[in-house]
Amino acid sequence: MVTAQQLQQQWADMDASRARRIQRDTATQIRLSDDLPPVRTVAGVDVGFENADTARAAIVVLDYRTLEPLDYALARLPVAFPYVPGLLSFRECPVILRALEQLRVAPDVLLCDGHGIAHPRRLGIAAHLGVLTGLPAVGVAKKRLTGRHGEVPEGRGEWTPLLDRAGDTLGAVLRTRVGTRPLIVSPGHRTDLATALELVMACTTRYRLPETTRWADGLASNRGQRWLARLDALR
DNA sequence: GCGACAG
DNA sequence: ATCTTGTCGC
């Protein structure tokens with residue numbers, strides 16, 4: 001499998017047009033059939049920035065049934081790619097892979113911060129990460145990147161499809177909690193939309209964001225110390 | 001050429 | 001993403 005080091009060097013300072021070419025090429029390897037094993041562990045994946053040139057990835061593996069943390073990993077790496085809408089994975093995948101290498105408990109599926117196939121070239125960070133690792137992956141984003149949709153029903157768990165120009169379904173705009181902005185869920189790799197929605201709802205309790213992303217978000221951010229203390233308290 | 005634009 | 005306190009509302 002590809003290592004974080006390889007990508008870090010290989011993608012450093014790569015021009016946008018070449019990156020898009022890689023995306024169109026990599027997107028052909030995505031499998032959207034639902035072939036996940038019985039899910040017992042789910043991982044939250046996110047990246048934060050300590051400063052302008054240091055990225056920090058956080059991965060937290062939760063027990064799918066109880067949503068209790070089973071394992072986690074953190075990784076730091078110099079930023080080698082700018083943030084360009086549509087090219088997020090080139091900036092964040094290297095650190096994430098570095099963190100995945102440290103994990104001791106293997107996750108059955110990855111819930112990533114960002115989109116799956118709800119992307120201009122169908123290769124959001126969740127899809128890219130899925131292909132790179134071979135693991136089932138789902139995209140959970142707080143904002144839309146591409147696609148259009150109608151009004152979203154107000155009930156918890158209700159959703160509306162996110163469509164592209166041709167009318168193909170890219171994902172779903174999901175209301176995880178009443179009274180808050182909906183999330184955008186899209187399959188990344190080895191999952192279909194129905195399963196992606198099921199996974200996200202199963203990981204969501206009383207907040208807008210699923211527990212997976214809440215943990216990963218917290219640990220990747222600058223208040224990560226707070227969340228580390230919570231993990232220790234559970235042991 | 002004019003908007004839109006994950007984290 | 002990140003810089004940051006209080007504050008409006010259930």
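Every chain is numbered from 1 and lettered A, B, ... according to where its sequence line falls, protein lines coming before strand lines. Quick note: numbers below take in every heavy atom, side chains included, and nothing from hydrogens, waters or symmetry partners. Since the model is a prediction, treat every value here as computed from it, not as a measurement.
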query: Could you spell out the base pairing of DNA chain B in dot-bracket, with Watson-Crick or G-U pairs whose two distances are under 3.5 Å, [ ] crossing and | to another strand?
result: .......
field: Dot-bracket pairing map - DNA chain C, Watson-Crick plus G-U, both contacts under 3.5 Å, | cross-strand
entry: ..........
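The two residues A:Asp113 and A:Ile125 make their nearest non-hydrogen contact at O-CG2, 3.6 Å. Across all their heavy atoms, A:Glu154 and A:Val178 have their closest contact at O-CG2, 3.6 Å. Among all heavy-atom pairs drawn from A:Cys112 and A:Leu129, the shortest one is SG-CD2, 3.8 Å.
Of all nucleotides in DNA chain C having an atom under 4.0 Å from a heavy atom of chain A, the first and last in 5' to 3' order are C:dA1 to C:dC3.
Residue A:Arg223 places its CZ atom among more than 12 non-hydrogen atoms of other residues, nucleotides or ligands, all under 6.0 Å distant. At most 12 non-hydrogen atoms from other residues, nucleotides or ligands lie less than 6.0 angstrom from CZ of A:Arg226.
A:Asn51 comes within contact range of no nucleotide atom at all, as no heavy-atom separation falls under 4.0 Å.
With hydrogens and angles disregarded, a donor-acceptor distance shorter than 3.5 Å links the side chain of A:Asp108 to the backbone of A:Thr41.
Through side-chain heavy atoms spaced under 4.5 Å, either directly or across other Ile, Leu, Val, Met, Phe, Trp or Tyr residues, A:Leu193 is tied to A:Leu36, A:Val39, A:Val42, A:Tyr64, A:Val109, A:Leu111, A:Val138, A:Val140, A:Trp159, A:Leu174, A:Leu183, A:Val185, A:Leu197, A:Leu199, A:Val200, A:Met201, A:Leu209. The hydrophobic cluster containing A:Val95, built from Ile/Leu/Val/Met/Phe/Trp/Tyr side-chain heavy atoms closer than 4.5 Å, also comprises A:Leu77.
Scored by the ring pair (Phe, Tyr, Trp, His ring centres under 6.0 Å) test, A:Phe49 finds no partners at all (sequence neighbours excluded). With sequence neighbours excluded, the residues that form a salt bridge (Lys or Arg N to Asp or Glu O under 4.0 Å) with A:Arg122 are A:Asp164. Residues that satisfy the ring pair (Phe, Tyr, Trp, His ring centres under 6.0 Å) test with A:Trp11, not counting sequence neighbours, are A:Phe90, A:His128. Listed by chain and residue number, nothing satisfies the salt bridge (Lys or Arg N to Asp or Glu O under 4.0 Å) test with A:Asp46 (two or more places apart in sequence, or in another chain). A search for side chain to side chain contact (heavy atoms under 4.5 Å, CB included) contacts involving A:Pro153 returns A:Glu158, A:Thr160, not counting sequence neighbours.
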message: Show, in sequence, the C-alpha distance, side-chain angles and deciding distance for A:Leu62 and A:Leu70, and conclude whether the side-chain contact (heavy atoms from CB on, under 4.5 Å) test is met.
response: CA-CA 5 Å; A:Leu62 305 181; A:Leu70 296 176; over 6 Å; no
message: Apply side-chain contact (heavy atoms from CB on, under 4.5 Å) to residues A:Arg98 and A:Gln8 and explain how you reach the verdict.
response: CA-CA 10 Å; A:Arg98 188 78 194 84; A:Gln8 180 76 341; over 6 Å; no
message: Generate the contact string for nucleotides 1-7 of chain B. Rules: B means base contact, S means sugar-phosphate contact only, - means no protein heavy atom under 4.0 Å.
response: ---SBBB
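In the region residues 166-197 of chain A, proximity to DNA chain B at under 4.0 angstrom, judged on heavy atoms, holds for none of the residues.
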